[in-house]
Amino acid sequence: MGINSRTGKDLCVHFTAAAVNMATSSSHSAVRRVAIFGGTHGNELSGVLLVKHWLKHGEEIARRSMEVRPFITNPKAVEKCVRYIDTDLNRVFDNQSLSGDQKGKVPYEIEQARKINSLFGPKGSKNGYDVILDLHNTTAHMGATLILENSRDDFTIQMCKYIQTSMAPESCAVLLIEHPGVKYATTRSIAKHPIGIEVGPQPQGVVRADILRTMKNVVNYALDFMQYFNEGNTRNLII
C-alpha cells in the first residue's frame with residue numbers, strides 16, 4: 001500500500017477546507033446506511049466484543065436518521081481466535097475474488113467476501129452502504145488511528161476532524177493510504193465512504209479495557225458526526 005506523503009500541516013489545511021465545504025454544500029447525500037464491522041481479523045478482539053455487544057444492545061448505536069448495522073465479518077476466524085482461516089479477508093475484496101470466476105475449492109474468506117459484498121455492496125455501485133466502520137487492533141503503540149483510502153473524500157476527512165476534536169486531549173492520528181495505481185481490496189472498500197479504525201497496543205487474542213473504551217468512543221463520535229451531518233447541524237460539525 002502507498003502512504004500519502006502530505007505533511008501534517010497540509011492535512012490540517014485540507015481538514016479546514018473540508019469543514020467549510022461540507023457545511024455549505026448540498027451536493028453530499030444524507031447518510032442512510034452504516035455498517036460496523038468487527039472480526040475481519042478474528043484475533044483482534046475489541047471490535048469483536050463491541051459488535052457482539054451491539055448486536056444485543058443496538059439502542060446504544062442507534063441514530064434516528066440512519067440504519068446502523070453491526071456485523072461479524074469472519075465468524076469462523078473469530079470462533080478459533082485466529083487472524084484468518086484460509087486467506088486474509090482484508091485483502092480479497094478485489095474484482096477477481098468477488099466475481100466468482102475461480103475454479104476448484106474456493107477459500108473460506110473469499111466465500112465470505114462474496115457474501116459481505118452481496119449484503120453491503122455491491123462494491124462500486126450506488127446501492128452499496130454509505131459508510132463502513134471497520135474495527136481493528138494492532139500490537140503497535142499507536143493509540144487510536146483512523147485509516148482513509150481517498151484524499152478527495154471530503155466526507156470522511158471531515159468526520160476524522162470531528163473525531164479528533166471530540167477525543168481531545170486524547171490523540172487520534174489519521175493515516176491516509178493512497179496510490180494512484182492501486183485499487184484497495186479491504187473489507188470496508190465496498191462502502192461509498194470506507195474508514196478503518198485501528199486501536200492499540202493490544203496483544204492478539206486478548207482485550208484491554210482502555211483500548212475497548214477508546215474504540216467505543218471513536219465509533220460513537222463517528223455516528224454523532226453522521227447524525228449532525230444529516231440534520232445539517234453546522235454548529236456541531238465545525239468545531
Side-chain angles (χ1 to χ4, degrees), residues 1-37 40 47 66 68 73 88-98 113 116-117 120-136 138 142 144-167 172-199 218-219 221-226 228-230 237-238:
M1 293 184 179
I3 299 178
N4 191 284
S5 60
R6 291 171 185 256
T7 65
K9 181 178 180 181
D10 289 335
L11 281 172
C12 289
V13 171
H14 195 81
F15 276 148
T16 304
V20 175
N21 290 338
M22 292 289 292
T24 59
S25 173
S26 59
S27 62
H28 295 271
S29 300
V31 176
R32 296 305 181 203
R33 295 189 299 167
V34 178
I36 304 173
F37 284 177
T40 295
M66 69 190 100
V68 182
T73 48
D88 194 331
L89 181 63
N90 210 31
R91 304 291 188 271
V92 296
F93 282 78
D94 57 278
N95 291 334
Q96 181 179 356
S97 297
L98 296 176
I116 294 167
N117 189 51
F120 299 96
K123 182 175 180 175
S125 79
K126 64 180 181 180
N127 297 320
Y129 264 54
D130 297 303
V131 176
I132 291 176
L133 306 174
D134 190 18
L135 309 183
H136 289 266
T138 176
M142 56 194 295
T145 301
L146 308 173
I147 305 175
L148 307 185
E149 299 178 7
N150 185 351
S151 64
R152 295 166 297 283
D153 186 347
D154 285 347
F155 180 83
T156 53
I157 289 171
Q158 175 57 12
M159 185 191 300
C160 288
K161 173 60 176 174
Y162 178 87
I163 294 169
Q164 283 184 317
T165 307
S166 299
M167 290 193 63
C172 183
V174 177
L175 174 63
L176 176 62
I177 54 171
E178 185 176 60
H179 189 284
V182 177
K183 292 185 178 180
Y184 293 104
T186 59
T187 313
R188 59 187 174 270
S189 65
I190 58 178
K192 298 169 188 172
H193 305 286
I195 183 166
I197 299 173
E198 188 146 359
V199 188
V218 172
V219 171
Y221 288 137
L223 295 174
D224 288 345
F225 169 84
M226 288 181 263
Y228 291 140
F229 171 76
N230 286 347
L237 279 177
I238 305 177

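Please read these numbers as outputs of a predicted model, since none were measured by experiment.
The salt bridge (charged side-chain N to carboxylate O under 4.0 Å, His left out) test applied to Lys123 returns no partner, not counting sequence neighbours. Taking Glu149 as the reference, Ile177, Tyr184, Thr186, Arg188, Ser189, Pro194 meet the side chain to side chain contact (heavy atoms under 4.5 Å, CB included) condition, with sequence neighbours excluded. Checked against side chain to side chain contact (heavy atoms under 4.5 Å, CB included), Ala30 has the following partners two or more places apart in sequence or in another chain: Arg32, Asn230. Scanning for side-chain hydrogen bond (donor to acceptor under 3.5 Å, both in side chains) contacts around Asp88 gives His41, Arg83, with sequence neighbours left out. Annotation: side chain to side chain contact (heavy atoms under 4.5 Å, CB included) contacts of Ala113 (sequence neighbours excluded): Leu89, Val92, Phe93, Leu98. Residues that satisfy the side chain to side chain contact (heavy atoms under 4.5 Å, CB included) test with Met167, not counting sequence neighbours, are Ala144, Ile163, Glu170, Cys172, Thr214, Val218, Tyr221.
Between Ile190 and Gly121 the shortest heavy-atom distance is CD1-N, 4.2 Å. Here the closest non-hydrogen pair linking Thr145 and Leu175 is CG2-CB, 4.0 Å. The heavy-atom pair separating Val131 from Ala191 by the smallest distance is C-CB, 4.0 Å.
Between His193 and Phe155, the ring planes are tilted. Angles from 30° to 60° get that label.
Using a 4.5 Å cut-off on side-chain heavy atoms (C-beta onward), Asp130 and Met226 make no contact. Annotation: side chain of Leu148 is in contact with side chain of Ile195 (closest heavy-atom distance under 4.5 Å). Side-chain contact check for Gln158 versus Phe225: some heavy-atom pair is nearer than 4.5 Å.
In this structure, the separation between CG on Leu135 and OG1 on Thr40 is 8.0 Å, given to the nearest 0.5 Å. With rounding to the nearest 0.5 angstrom, the CD1 atom of Ile147 is 9.5 Å from the CD1 atom of Ile197. Here CG of Asn90 is found 8.5 Å from OG1 of Thr73. Values are rounded to the nearest 0.5 Å. With values rounded to the nearest 0.5 angstrom, Thr187 atom OG1 is found 8.5 Å from Ile132 atom CD1.
In this structure a side-chain-to-backbone donor-acceptor pair under 3.5 Å is missing from Arg33 to Phe120.
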